[in-house]
Amino acid sequence: MIKLRDAINLDREKIQEIKLQIAQLAKDSALNAYILDNNSLSTANEGVPILIKDNINVKDWEITCASKILKGYKSPYNASVINNLISNNLTPFGRSNMDEFAMGSTSESSCYGVTKNPKDTSRVSGGSSGGSAAAVAGGIAIAALGSDTGGSIRQPAGYCGCVGLKPTYGSVSRYGLIAYSSSLDQIGPITQDVRDCALLFDYIKGYDKLDSTSSKKVQNESIFKNLNPNRKFKIGVLNRLIKNSNKEIQDAYYNLIDLLKKLGHNIKEIDMLDLDYHISSYYITSMAEASSNLARFDGIRYGSRAKDIENIKDLFLKTRTEGFGEEVKRRILIGNFVLSSGYYDAYYLKAQKVRDYIKFQYDEIFKEVDIIISPIAPNVAPKIGEGTNPLEMYLSDIYTIGVNLAGLPSICIPIIEKPLPIGMQFITSHFKEQDILDLALNVEGNL
Ligand code: GLN
């Protein structure tokens with residue numbers, strides 16, 4: 001598939017031709033990466049086509065978050081990132097499949113069925129932005145947008161073998177992203193390589209007054225234009241903490257460290273709190289926020305409404321019982337529980353204290369090193385149906401969620417292609433995306 005940086009230089013006719021080709025590929029593909037029962041593959045709008053996760057509003061498109069409860073709901077407005085694409089001669093094109101309401105790590109909870117991994121179709125594509133990553137890695141999209149609350153851009157990119165960036169919290173507007181966990185969610189690019197990632201990030205980043213958590217610290221300067229693979233960094237490695245991984249992941253990690261040494265970077269061993277605390281703090285926080293954010297889907301204002309109802313309570317109950325899938329219901333229940341009086345202090349408040357401590361630890365580490373390298377997941381993409389135990393699925397997020405708790409930027413790049421892709425992430429301190437993109441470019445060119 002053509003790279004984004006080349007596509008933006010093509011003339012109008014050629015771009016329209018590519019769109020028709022992509023639409024055909026999307027329809028013929030067995031990956032189930034695209035949601036096809038909507039009008040999102042229309043070529044009416046001009047611009048380079050970018051695939052959009054089904055939780056980002058595009059005016060007049062159906063938006064469902066891969067949930068039955070939102071079926072039939074059409075967006076009245078564009079998310080700010082979509083307006084940013086349009087003002088840079090890009091256009092939203094195609095809806096990508098995902099875990100329902102972005103809750104999951106395999107894309108199996110989608111009401112449209114699972115998205116398959118392009119490198120081995122018996123395996124999952126990861127999640128929750130599984131459709132975006134599978135389409136980009138499978139050669140049926142130029143580039144895509146995803147969202148990352150606890151790894152949902154990086155982990156599917158790692159499982160499928162493409163590049164994904166979770167930007168600093170506040171650097172990309174969340175206006176028009178359907179909220180899962182507002183203090184953790186970020187929109188970011190999923191691309192074929194590092195240069196395209198820098199370019200797409202340039203297009204979507206920036207302060208937005210419509211998002212109250214948007215930051216004025218985001219640099220306007222182009223990261224793409226300033227890419228420099230020759231800078232040398234002080235890199236922190238987590239030797240103790242990667243013992244939680246399978247052998248193939250550990251081997252890939254140690255090989256990456258050797259490569260970084262050879263490329264002239266300075267390696268330093270670091271340590272931090274056991275990552276189990278990341279899991280506890282993340283899942284309490286995200287479920288609490290989700291229970292509140294999803295309260296608005298009640299059968300009155302959005303999407304589907306249950307039939308044969310007797311009173312308003314019945315309407316809420318039936319609509320939510322029929323509309324939400326099992327994992328979403330589980331999280332709403334747990335989220336309400338940890339916020340309820342008597343349990344708030346024991347769970348929610350404690351999770352916030354742990355979250356603060358995790359942020360503090362990262363701050364301390366970044367006084368000593370510029371970048372931390374870490375695996376994306378303790379394993380390669382599991383087989384479809386293999387990871388359905390919720391607790392096991394939560395535990396597989398062990399390496400990605402600390403980044404969200406601390407609001408940091410992190411990029412996942414593929415380190416190993418075969419037999420199955422393995423991705424690694426480069427994490428840095430707030431608003432220093434240039435550093436991780438520079439290092440990622442250096443590594444990508446020397447694999
Ligand atoms: N797997 C994590 C969860 O289920 C992360 C999902 C995400 O980043 N949206 O919450």
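In listed order, ligands and their atoms are each counted from 1.
Ligand 1 is approached by Tyr283 to a heavy-atom distance shorter than 4.0 Å. Residue Arg331 places a heavy atom under 4.0 Å from ligand 1. Residue-ligand proximity: Gly151 is placed with a non-hydrogen atom under 4.0 Å from ligand 1.
The shortest N or O to N or O distance between Gly104 and ligand 1 is under 3.5 Å. The shortest N or O to N or O distance between Ser152 and ligand 1 is under 3.5 Å. Looking at ligand 1, you won't find any N or O of Lys53 less than 3.5 Å from one of its N or O atoms. Residue Gly127 places no N or O, backbone or side chain, under 3.5 Å from any N or O of ligand 1. Taking any N or O of Asp148, backbone or side chain, none lies under 3.5 Å from an N or O belonging to ligand 1. At least one N or O atom of Tyr282 sits closer than 3.5 Å to an N or O atom of ligand 1.
Side chain to side chain, Ser110 and Asn97 meet the donor-acceptor criterion of an N or O pair below 3.5 Å.
Remark: aromatic rings of Tyr253 and Tyr399 are distant, center separation not under 6.0 Å. In this structure, the ring of Phe224 has its center no less than 6.0 angstrom from the ring center of Tyr203. Outside the 6.0 Å centre-distance limit, the rings of Tyr394 and Tyr282 are not counted as a close aromatic pair. Not less than 6.0 angstrom separates the ring centroid of Tyr180 from the ring centroid of Phe101.
How far CD of Glu289 is from CG of Leu184: 5.5 Å, rounded to the nearest 0.5 Å.
The distance from ligand 1 to the heavy atoms of Gly150 drops below 4.0 Å at these ligand atoms: 5 (C), 7 (C), 8 (O). Under a 4.0 Å criterion applied to the non-hydrogen atoms of Ser128, ligand 1 contributes the atoms 9 (N).
Of all protein heavy atoms, the one closest to atom 2 (C) of ligand 1 is Asp397 OD2, 3.2 Å.
Contact annotation for Thr149 and ligand 1: heavy atoms of both the backbone and the side chain come within less than 4.0 Å of the ligand.
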Quick one, Arg355 with Thr285, criterion side chain to side chain donor-acceptor pair (under 3.5 Å). Give me CA distance, side-chain angles, the key distance, then yes/no. CA-CA 9 Å; Arg355 182 176 184 177; Thr285 305; 5.1 Å; no

